[in-house]
Amino acid sequence: MDAWADAHLRIDPPYVHIRESFQGQPLTLSAAIPDGASAVVELRGQAKELVLLRQGRRGGLWMSVGEVKIANCPSLYFLLTTEDLKLHADIEKQFGYDVIKNGLTFQGAIPQNGAASLFSELVKLKEHEGLFGVFPGALKKTESKNGQTWVRGQIFMPGNVSAGVYKASLFILNSGHVTEQRRVDLSVEMKGMPAILATLAHEHAILYGVLAVVIAVVTGFVMGFIFKGRGAH
Amino acid sequence: MNLSIYLPIAGNSVNILILLGLGGIVGFMSGLFGVGGGFLMTPLLIMAGIPPLVAAASDSNQIVAASTSATYAHYRMGNVDFKMGIVLLIGGVIGGTLGVHLIKFLRSLGNADFAIKITYVAMLGIVGSYMFAESLQSLREKPLTSRSVETPKRSLYTKLMHSLPWQVEFHKSGVTLSPLVPLVLGALVGVLAAIMGVGGGFIMVPVMVYLLRMPMHVVVGTSLFQILFTCINVTIMQAVTNYTVDIILAVLLLLGSTVGAQFGARLSRRLKGDQLKIVLASVVLLVMVQMLAGLIIPPHSMLTYKGGH
């Protein structure tokens, strides 16, 4: 099939597998859009309730001062735009952190100055983890052919990304207005040993606990035998 | 070459060499100073980016492996008082179970990580300061001359011990006392083991020497026996209640700590006891200062994950 003929968003590789040596994975997002158009690509994790602890100072020490429940928060959010949209004021209203902020509800230990400061702390926390990012101009227009331009950008799925289905959306814009939208799913799955251990730990907790002890005892005996019984203590 | 490994329970990837290195450093210190390394391992893991509760629970699992080989070695040398060890163990199981539920309760209040850190700071501060002061005094050749002060305390303590019911003779240790004493002390160490992810050796050993009056060679073997079974209980409880045991993390730490311990043991033969103690005390105090700084310096973000995940 001619890649130039469709405006579908392509993700390369089209899936993320969390295996034993997983430490994050770069993904290339690309699409062919009409000449003269602009593009926005958004990648979102599943929305869920997030329970966080608000830090505060008590008795001169920093500690948790209460629980904050944030509903409808995406587990991951990346936004990439083409260079020409970098300074486009309307883009911020249609995409990005402001849109996420409007969809969230905060409950619990809300500070006196309101939830706005909590949202900026949430963004700071998520960006620090590599799970949130807004990258204006990160979609590069590379080559043109038959009235279409190829746009390409790269994101990095961090090592602490959780398993699940992520929604990648391509928005094609003309004069700041969305003219076309395409969506594709990105699957992030645990495979091999991490999948086996995570399933065991959560679905067969007693068996997992006993297995952890058995492995430790056997390894301890083997190490003790190798080093003639002189262990760590 | 990709040397990182994904830890499915911690939910993050960590460089294998960092884990082996951490295990090796703590194991080296364990071999050098003759104490368990758990009280140093958990804060080092937290510094390496492992969530606090996963660090504490997985370290308990690692201590199971490390103390297995050491207990076996001491058993072969006849250094384990099983009678005393079983009483301490019963106390340890009760304390460990209470400790795991205490963590769960603290977690529901949102203060588990804070509780772990503040308990650490207090314990490291007390143990480090005491050891530092004692070994500094020894190095200055001013032996403790408080016999006249200690004698009335000791007699009061002995009187209290004899007044307790169900006096039992512990042949191997050469002491006669109420099983309630090791039971309560074992429970206290069990609670600490569950909360802090330590085997409790650095608390249990002085308790057995100074409070239970056991001979040193039996203390080490019996302490290890008690720690082994206490940590088995803590590991299973943490796995079932909090899902915080990471087997891969524990095994990698063990591989490092067991090898490091051998090199530490070799070096320890070349150093004097007081020199060793003062270096250990300095390390303990340094870790304490680092943890304290974490409580004083404003955090990177005003929002953190519940339970450190």
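Remember, predicted model here, so these are calculated numbers, not experimental data. In the text below, chain A, chain B and the rest are named by the order of the sequence lines, each starting its count at 1.
Of the listed residues (A:Ala212, A:Gly209, A:Pro194), the one with the most heavy-atom contacts under 4.5 Å to chain B is A:Ala212. Put simply, of B:Ala239, B:Ala250, B:Pro298, the one with the most heavy-atom pairs under 4.5 Å next to chain A is B:Pro298. For the options A:Thr219, A:Leu197, A:Val68, A:Val217, heavy-atom pairs under 4.5 Å to chain B are most numerous at A:Val217. Highest contact tally toward chain A, considering only B:Val14, B:Ile297, B:Asn61, is held by B:Asn61 [criterion: heavy-atom pairs under 4.5 Å].
Only the side chain of B:Val251 comes within less than 4.5 Å of a heavy atom of chain A; its backbone N, CA, C and O stay farther away. At a 4.5 Å heavy-atom cutoff, the contact between A:Leu122 and chain B is made by backbone and side-chain atoms alike. Proximity to chain B is absent for every atom of A:Leu207, based on heavy atoms less than 4.5 angstrom apart. Heavy-atom distances place both the backbone and the side chain of B:Ile247 under 4.5 Å from chain A.
Atoms CG and CG, on A:Leu79 and A:Leu139 in that order, are 8.5 Å from each other to the nearest 0.5 Å.
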Next item on the list: Could you check B:Leu7 against B:Leu249 for side-chain contact (heavy atoms from CB on, under 4.5 Å), going step by step and ending with a plain yes or no?
Entry: CA-CA 7 Å; B:Leu7 305 172; B:Leu249 175 60; 4.2 Å; yes
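Salt bridge annotation for A:Glu121-A:Lys124: present, with a cationic side-chain nitrogen under 4.0 angstrom from a carboxylate oxygen.
Using a 30° and 60° split on the angle between ring planes, A:Phe78 and A:Phe135 fall in the tilted class, from 30° to 60°. Below 30°, between 30° and 60°, or above 60°: for A:Phe171 and A:Phe95 the angle between ring planes is between 30° and 60°, a tilted geometry.
Remark: A:His202 NE2 is packed, more than 12 non-hydrogen atoms of other residues, nucleotides or ligands lying under 6.0 Å away.
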